[in-house]
Amino acid sequence: MELFMDLELIRNQSLQTAERLGYNVIKSLPRLDEAVRTRSLDEAVKRLLCLHAAAACAYGFDRKKALSWLQQENANQSLAASERQFLEQGIGDPNRFKIQIEGMWTLAWVLGLTPNLDFGKDCDGGFAALLPNLKVNENSSSLRQRTKLRSVEEIIRADDLVYCLHWSVRQAQLDGGKPPGKVQPYVVEERRRSLDWMLSNEQWDDVSLDT
């Protein structure tokens with residue numbers, strides 16, 4: 001699906017929001033591509049399920065059970081290479097998958113499961129209740145019934161904003177200064193990863209996050 005939008009207007013709104021949130025952003029940052037596409041509802045749901053399984057195992061859930069559950073949900077083929085290696089062989093830093101809960105929260109917003117994506121605070125503490133309970137092998141049918149993909153425009157606006165925020169975070173790191181904003185830098189980075197992935201053809205592990 002392709003869409004052409006007033007990206008200058010979107011950027012101006014992003015800069016205003018970034019300033020309100022405490023992020024300093026230069027006005028000359030490149031804008032998003034004029035023609036964009038968004039991934040399908042099914043792709044986004046399966047990505048969320050894969051992240052959910054990997055995060056659960058990072059916190060101690062049985063990896064074999066997680067793989068079996070993903071196969072049950074027809075999502076095992078959607079695993080990123082890093083996730084497959086972690087779930088099948090236990091290779092990889094668990095913390096990498098723990099922090100991706102912020103990417104999961106972002107996808108939940110993309111899928112209409114949460115009403116807001118507030119870059120001024122972390123994901124909701126009750127987020128887990130929105131997801132299938134792996135401990136009882138709950139399937140994803142209830143989640144799927146509640147999903148509705150947000151408009152391309154909404155996703156683009158969020159992606160443009162988080163790009164600006166991420167640039168500010170990276171610049172502060174280069175300058176050796178205090179991280180801007182009210183959330184930890186990884187929150188911005190992991191949310192951007194999900195939004196960039198939604199608007200690209202890149203594999204999950206290959207999303208560059210360049211600033």
Side-chain angles (χ1 to χ4, degrees), residues 1 36-114 117 122-123 127-147 149-150 155 158-159 162-163 166 184-211:
M1 180 178 182
V36 297
R37 63 175 294 280
T38 184
R39 293 181 187 265
S40 69
L41 177 68
D42 185 61
E43 286 178 288
V45 168
K46 288 180 177 178
R47 178 94 299 270
L48 177 58
L49 297 182
C50 289
L51 287 167
H52 179 36
C57 292
Y59 280 101
F61 188 70
D62 184 87
R63 293 185 286 109
K64 289 184 179 180
K65 289 182 179 179
L67 284 167
S68 177
W69 179 78
L70 286 171
Q71 186 171 11
Q72 167 189 297
E73 302 306 310
N74 297 314
N76 56 313
Q77 295 303 314
S78 297
L79 281 167
S82 60
E83 294 165 342
R84 186 173 299 281
Q85 189 174 44
F86 179 63
L87 294 179
E88 292 182 350
Q89 304 174 53
I91 297 174
D93 182 1
N95 288 325
R96 173 182 181 180
F97 303 102
K98 289 179 179 179
I99 64 174
Q100 287 185 354
I101 190 172
E102 291 293 344
M104 294 163 59
W105 178 249
T106 303
L107 287 176
W109 173 81
V110 166
L111 291 166
L113 297 172
T114 59
L117 186 60
D122 298 347
C123 73
F127 179 35
L130 297 176
L131 304 171
N133 186 341
L134 301 189
K135 293 181 179 179
V136 297
N137 201 40
E138 181 182 3
N139 65 44
S140 60
S141 60
S142 175
L143 180 143
R144 289 177 181 274
Q145 290 170 7
R146 291 181 280 120
T147 58
L149 201 63
R150 289 187 183 273
I155 299 171
D159 192 45
V162 79
Y163 168 66
H166 196 212
Q184 292 296 317
Y186 77 84
V187 174
V188 172
E189 183 169 322
E190 296 307 322
R191 290 183 182 185
R192 183 186 170 197
R193 192 188 311 277
S194 285
L195 291 166
D196 277 11
W197 176 82
M198 279 298 303
L199 297 172
S200 76
N201 291 313
E202 298 292 330
Q203 297 296 317
W204 180 257
D205 289 338
D206 297 332
V207 176
S208 68
L209 303 182
D210 290 339
T211 56

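Computed over heavy atoms, backbone and side chain alike; hydrogens, waters and symmetry mates excluded.
- The shortest heavy-atom contact between S40 and L149 is C-CD2, 4.2 Å.
- Here the CD-CD distance, from Q100 to E189, works out to 10.0 Å after rounding to the nearest 0.5 Å.
- Note that the CH2 atom of W197 and the CG atom of L209 stand 14.0 Å from one another [nearest 0.5 Å].
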Report the C-alpha separation of I101 and C123 in whole Å, then their side-chain angles, then the decisive distance to 0.1 Å, and conclude whether the side chain to side chain contact (heavy atoms under 4.5 Å, CB included) test is met.
CA-CA 8 Å; I101 190 172; C123 73; 4.3 Å; yes
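- The two atoms that bring D62 and C57 nearest to each other are O-SG, 3.8 Å, heavy atoms only.
- A side-chain donor-acceptor contact under 3.5 Å links T147 to the backbone of R144.
- Side-chain contact check for R192 versus T211: some heavy-atom pair is nearer than 4.5 Å.
- To the nearest 0.5 Å, atom CD1 of residue I155 and atom CZ of residue R39 are 11.5 Å apart.
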Does the side chain to side chain contact (heavy atoms under 4.5 Å, CB included) test come out yes or no for L49 and W69, once each step is laid out?
CA-CA 10 Å; L49 297 182; W69 179 78; 3.6 Å; yes
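- Taking 4.5 Å as the limit, some side-chain heavy atom of L113 sits within range of a side-chain heavy atom of L48.
- Across N133 and E138, no two heavy atoms sit closer than the pair N-OE1, 2.8 Å.
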Applying side chain to side chain contact (heavy atoms under 4.5 Å, CB included), run through D122 and F127 and close with a yes or a no.
CA-CA 11 Å; D122 298 347; F127 179 35; over 6 Å; no
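- Within the 4.5 Å cutoff, side-chain heavy atoms of M198 are placed close to those of L107.
- Annotation: E43, atom CD; neighbour count of heavy atoms from other residues, nucleotides and ligands within 6.0 Å is above 12.
- Distance check: R191 CZ to M104 CE gives 13.0 Å after rounding to the nearest 0.5 Å.
- Between I91 atom CD1 and S82 atom OG the span is 12.0 Å, to the nearest 0.5 Å.
- For F61, there are no ring-ring contact (aromatic ring centres under 6.0 Å, His included) partners at least two apart in sequence or on another chain.
- Checking S141 against N139 by side-chain atom types alone, a donor-acceptor pair falls below 3.5 Å.
- When the salt bridge (charged side-chain N to carboxylate O under 4.0 Å, His left out) test is applied to E202, no partner is found at least two apart in sequence or on another chain.
- Within a 6.0 Å sphere centred on NZ of K98, heavy atoms belonging to other residues, nucleotides or ligands number more than 12.
- Salt bridge annotation for D205-R96: present, with a cationic side-chain nitrogen under 4.0 angstrom from a carboxylate oxygen.
- Nearest heavy-atom pair across L143 and L130 is CD1-O, 3.7 Å.
- Side-chain contact between L117 and T106 is present, with at least one heavy-atom pair separated by less than 4.5 Å.
- Among all heavy-atom pairs drawn from I99 and Y186, the shortest one is CB-CD1, 3.7 Å.
- In this structure, R47 pairs ionically with E83, as a charged nitrogen and a carboxylate oxygen lie closer than 4.0 Å.
- How far CG of L67 is from CZ of R84: 7.5 Å, rounded to the nearest 0.5 Å.
- The existence of a salt bridge linking E190 and R193 is confirmed by a sub-4.0 Å separation between a basic side-chain nitrogen and an acidic carboxylate oxygen.
- Evaluated for a side chain to side chain donor-acceptor pair (under 3.5 Å) with S140, the options E73, Q145, Q72 yield exactly one hit, E73.
- The two residues L87 and A53 have their closest heavy-atom pair at CD2-O, 4.2 Å.
- Put simply, the side chain of H52 gets close to the backbone of P132: a donor and an acceptor are under 3.5 Å apart.
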Test side chain to side chain contact (heavy atoms under 4.5 Å, CB included) on E88 and R63 and set out the steps.
CA-CA 7 Å; E88 292 182 350; R63 293 185 286 109; 5.7 Å; no
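- Judged by distance alone, the side chain of R37 and the main-chain N or O of S200 form a donor-acceptor pair under 3.5 Å.
- Relative ring orientation between F86 and F97 is described as parallel, the plane-to-plane angle staying below 30° on a 0-90° scale split at 30° and 60°.
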